Each structure stands twice: as C-alpha cells, then as structure tokens.
Amino acid sequence: MVFSRSEELWVEYCRALGLNLSRVRAEAGLSQEYVARAAGLATFTYQKLEKGESNPGDPANPRLQTLVSLALVLDLDITEMLPPIPHTLARRLRARPGVDLPTTA
C-alpha cells in the first residue's frame, strides 16, 4: 500500500469523498435515506460515508460495488464522485522502483 488507512492523507481523501457525496445528493434534492435505500445501504452506513468514515474514528473504505451503486443512484460518473488524487500520493508512487507513471501538465 502507498499509505496506511490511519494516515492523514487517507483520512482527508475520505472526508473529501464524503463532501462530494453530500454535495451531489443535496444538489439533486435527495435525502440520505432515499440514496441509502436506493443504493442498497443502511441509512447509517450512508451517513457515515458522507462523513468520510466507516466506523467512528475510522476513515471510509467503501467497496467498489458501493461506489458504483451510489454513482448510479446519484446519476453521475464514478470519477465525478471521487476527489482528485493527492499530488503526494503520485510522488510516492513515482518514487517506487519499476513504477513509470505518466506526468501531468
């Protein structure tokens, strides 16, 4: 792994994901309860995702199936839901032997 789940970089990324979910849901005029049920989640689980958590104090780590379901319910491309990848993470990956990532402008 490039970073641990407890690392602040991951915690911030999860919070940003939660803020994106909350913003898109609010803009669509949908309740947390509706989105959760439509995506096949418990309301509590969805509320925790909007906070960027899975359990109190633990950063979110939703399954791909959950992310796809939420994207379908919220009518957006999954890439619109995910926050941009932090530059710090890209630098760490590029520093690994044998990793040749494309650079962005």
Side-chain angles (χ1 to χ4, degrees):
M1 300 301 282
V2 179
F3 50 73
S4 70
R5 286 189 54 178
S6 62
E7 188 174 338
E8 190 61 28
L9 181 64
W10 180 249
V11 172
E12 288 301 318
Y13 189 81
C14 294
R15 284 189 194 128
L17 170 63
L19 290 172
N20 286 351
L21 288 170
S22 180
R23 178 185 48 77
V24 170
R25 178 189 55 76
E27 288 173 357
L30 302 173
S31 69
Q32 289 179 328
E33 293 80 11
Y34 174 83
V35 172
R37 286 195 181 115
L41 302 172
T43 301
F44 179 76
T45 300
Y46 180 75
Q47 289 169 335
K48 297 308 289 178
L49 281 175
E50 279 197 2
K51 291 181 180 181
E53 298 179 339
S54 57
N55 293 309
D58 286 335
N61 196 14
R63 297 179 310 181
L64 181 58
Q65 182 179 7
T66 298
L67 294 174
V68 170
S69 295
L70 289 170
L72 291 170
V73 170
L74 296 169
D75 192 30
L76 64 138
D77 188 282
I78 197 166
T79 59
E80 297 174 78
M81 187 183 342
L82 299 175
I85 295 174
H87 295 293
T88 304
L89 177 58
R91 283 194 302 271
R92 284 186 194 176
L93 281 173
R94 285 189 186 93
R96 287 183 163 193
V99 175
D100 187 23
L101 293 177
T103 56
T104 57

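Note that the coordinates shown come from a computational prediction; the quantities given were computed from them, not determined experimentally. Worth knowing before you read on, the calculation uses all heavy atoms, side chains too, and leaves out hydrogens, waters and symmetry mates.
Here the CZ-NZ distance, from Arg15 to Lys51, works out to 12.0 Å after rounding to the nearest 0.5 Å. The CG atom of Asp77 lies 10.0 Å from the CG atom of Leu72; values are rounded to the nearest 0.5 Å.
Counting heavy atoms from C-beta on, the side chains of Glu8 and Val11 come closer than 4.5 Å. Between Met81 and Leu76, some side-chain heavy-atom pair lies under the 4.5 Å cut-off. Side-chain atoms of Glu50 and Gln47, non-hydrogen and from C-beta on, never get closer than 4.5 Å to each other.
Judged by distance alone, the side chain of Arg25 and the main-chain N or O of Leu30 form a donor-acceptor pair under 3.5 Å. Side-chain atoms of Tyr13 never come within 3.5 Å of backbone atoms of Ile85 as a donor-acceptor pair (strictly under, hydrogens ignored). Here the side chain of Ser69 pairs a donor or acceptor atom with the backbone of Gln65 at under 3.5 angstrom.
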I would like to know whether Leu41 and Leu49 meet side-chain contact (heavy atoms from CB on, under 4.5 Å); could you show each step before the answer? CA-CA 11 Å; Leu41 302 172; Leu49 281 175; 4.3 Å; yes

Salt bridge (Lys or Arg N to Asp or Glu O under 4.0 Å), that's the test. Do Arg37 and Glu33 meet it? Break it down for me. CA-CA 6 Å; Arg37 286 195 181 115; Glu33 293 80 11; over 6 Å; no

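Heavy atoms only, all atoms of each residue included: Ala42 and Ala36 are closest at O-CB, 3.8 Å. Across all non-hydrogen atoms, the minimal contact from Cys14 to Pro59 is SG-CB, 3.8 Å.
Among Leu21, Leu70, Leu17, the single residue meeting the side chain to side chain contact (heavy atoms under 4.5 Å, CB included) criterion with Pro62 is Leu17.
By the criterion of side-chain heavy atoms lying less than 4.5 angstrom apart, applied directly or through intervening Ile, Leu, Val, Met, Phe, Trp or Tyr residues, Tyr34 is not grouped with Phe44; the two fall into different hydrophobic clusters. Leu19 and Leu82 end up in different hydrophobic clusters when Ile, Leu, Val, Met, Phe, Trp and Tyr side chains are linked at under 4.5 Å.
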